[in-house]
Amino acid sequence: MAVTRTERKSIHTGDDVVRVRQAVRTFAVEAGLGLVDQTKIVTAASELARNTLDYGGGGEVRIELLQEGRRRGVRLTFEDEGPGIPDIGLALTDHYTTGGGLGLGLSGAKRLSNEFHLESTVGIGTRVVIARWK
Amino acid sequence: MAMDGTEVLIKTVTREEAAILDAWVALLKAGGALQTGRIREAELQTQAKSVLGQLGQALASGGTDTTTDAYASLRESLADISRSRAIQGFTPTDTISFLFSLKEPIFDALSRASGTDAAQVAAGIWSASKVLDQLGLHTMEVFQQSREEVIGRQSEEIAELSTPVVRLWDGILALPLIGTLDSARTGVVMENLLQAIVDEEAEIAIIDITGVPTVDTLVAQHLLKAIAAARLMGADCIVSGIRPQIAQTMVHLGVELNVISKSTLADAFALALRRTGRSVVRKAPSAPDESRR
Ligand SMILES: Nc1ncnc2c1ncn2[C@@H]1O[C@H](COP(=O)(O)OP(=O)(O)OP(=O)(O)O)[C@@H](O)[C@H]1O
Ligand SMILES: [Mg+2]
């Protein structure tokens, strides 16, 4: 599998979340994703970017255009050096929230993606990787 | 006679002011300063004359340190020019070229004045460069600041403009949402909606999200809050304009709005009319229409 293009965006304000959405949309179009898949990955990106901002205290996303044979896709890696998630299973439970949200962002992002990896260490930070393929 | 660069520069600029001005304005024109039509020749001439005059005075009383009080009025003039250009939509290049194209006429004048004394020419050019570069940086800083002010003002205007509540009929309101629903804007939207419900004694509020590119959990939560608050004020909400890709995404997210939704604003309006005991009927076809059948 080859990474044909990479872009990094820092996430420190609400406006950054909007910019992440726009950049992910551009990559999704480049990967040839249809309108539904574009909307899915952009929405998942919006959720993860806001979690990075609100809970991770800010961080960064790496957006990658992937090529595997004739298949193309987009991979997003969100990283923060925030407090980490003590119970990942709980955080991925629908409606679980510590911030007065709907508690659907993380689980929803997982359902909106083809691939989903979440690593988190308390006191070190959190990394979420998702991918959506054409 | 050995002169330092600053002295040469002061002398040259004062003595050759008219020649430098002519060459400068000619260069500005050749560089296309008037082509965009955003600035007239008389205005350009006035700006150039006043900047050069102030530069001569500033050099004479303050030397080459552009941060001194001697440069205050020149800096202010340059700031004004820069600001007005930023607002008129000039590019940074257009803006900075005004000042930087003064280099060539001054360098030429220095060569003429110092003749074969190469060291003196070099010293003069060095001083002139230093002054013009510092002033150039100042110009760019003001330009940048002004652009940011313009952008800031525009986004405030957009926040206000794009949240109108429209009265469609007695007791029926529509709220067409457009763009990104960040928290600051959503607050304004909610307030407008609730106030309009009170003012119009509305029974039904249609929230149209055709213009919202992404509906994530934050947007959904704002919608849910608006719907709940409207209900408390005695109005029912209908959500319209959920595009197919948004609908699918909302299902995956697990978001439920628990409210009636219609695909278009027109359908929502028709439902609202029915709900409030009204019906829309087509008038009986008149004679000319009949003949066309
Ligand atoms: N990057 C992160 N760092 C630390 N904790 C996190 C991070 N991301 C998520 N969490 C925790 O997981 C919980 C669930 O996240 P999720 O995105 O599902 O819901 P939410 O953000 O609370 O609400 P919303 O539905 O608006 O997204 C959060 O409330 C938070 O406690
Ligand atoms: Mg979240």
Side-chain angles (χ1 to χ4, degrees), chain A residues 11-26 28-29 33-55 76 78 91-114 116 130 132, chain B residues 147-159 162 177-190 209-229 239 241-259 263:
Chain A
I11 303 168
H12 292 286
T13 67
D15 287 346
D16 290 340
V17 176
V18 177
R19 281 190 272 273
V20 168
R21 281 206 296 264
Q22 286 165 347
V24 171
R25 166 93 56 196
T26 309
V29 169
L33 298 187
L35 198 49
V36 172
D37 286 340
Q38 282 174 33
T39 309
K40 284 181 178 173
I41 185 106
V42 169
T43 308
S46 186
E47 297 300 340
L48 298 175
R50 191 157 314 93
N51 283 352
T52 301
L53 178 67
D54 290 348
Y55 304 111
L76 310 176
F78 292 85
L92 275 167
T93 308
D94 276 0
H95 306 297
Y96 173 81
T97 175
T98 59
L102 295 179
L104 290 170
L106 214 48
S107 51
K110 185 174 179 182
R111 286 188 290 267
L112 288 168
S113 312
N114 297 130
F116 180 94
I130 61 170
R132 178 105 215 157
Chain B
R147 294 296 299 164
E148 271 159 23
E149 279 164 23
V150 170
I151 291 163
R153 206 168 43 244
Q154 281 170 346
S155 48
E156 278 167 30
E157 279 166 11
I158 289 168
S162 55
L177 295 177
I178 291 164
T180 302
L181 289 181
D182 52 63
S183 297
R185 258 195 68 205
T186 315
V188 182
V189 173
M190 277 255 258
I209 60 168
T210 310
V212 180
T214 309
V215 178
D216 59 7
T217 58
L218 187 67
V219 172
Q221 193 178 25
H222 287 318
L223 286 175
L224 286 167
K225 280 185 184 158
I227 292 164
V239 175
I242 303 180
R243 285 158 293 150
Q245 66 272 25
I246 302 274
Q248 283 195 45
T249 303
M250 283 170 75
V251 170
H252 279 88
L253 267 184
V255 166
E256 283 173 51
L257 293 180
N258 284 324
V259 70
S263 59

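Naming: A, B, ... by sequence-line order, numbering from 1 per chain.
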Student check: side-chain heavy atoms of B/Gln245 and A/Gln38 closer than 4.5 Å: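 They are not in contact (no side-chain heavy atoms under 4.5 Å apart), so the answer is no.
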Considering only heavy atoms and a distance below 4.5 Å, find which of A/Arg50, A/Lys110, A/Arg21 pairs most often with chain B.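 Most heavy-atom pairs under 4.5 Å with chain B: A/Arg50.
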Specify the closest pair of heavy atoms between A/Arg111 and B/His252, including all atoms of both residues, with the distance to one decimal.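 Closest pair (atom of A/Arg111, atom of B/His252, distance): NE-O, 2.6 Å.
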For the residue pair A/Leu102 and B/Thr217, what are the closest heavy atoms and their distance?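 Taking every non-hydrogen atom into account, CD1-O, 3.6 Å.
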To the nearest 0.5 Å, what is the distance between [atom1] on [X] and [atom2] on [Y]?
| X | Y | atom1 | atom2 | answer |
| --- | --- | --- | --- | --- |
| A/Leu112 | B/Gln248 | CG | CD | 10.5 Å |
| A/Asp37 | B/Thr249 | CG | OG1 | 9.0 Å |
| B/Ile246 | A/Leu35 | CD1 | CG | 8.5 Å |

Quick one: what part of B/Val219 sits under 4.5 Å from any heavy atom of chain A, side chain, backbone, both or neither?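 Contact with chain A is absent: no heavy atom of B/Val219 under 4.5 Å.
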Is there a side chain to side chain contact (heavy atoms under 4.5 Å, CB included) between B/Arg243 and A/Thr39 once you walk through the steps? CA-CA 11 Å; B/Arg243 285 158 293 150; A/Thr39 309; over 6 Å; no
Check whether any side-chain N or O of B/Gln221 sits under 3.5 Å from a backbone N or O of A/Gly100 as a donor-acceptor pair, and report yes or no.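 Yes; at least one donor-acceptor contact below 3.5 Å.
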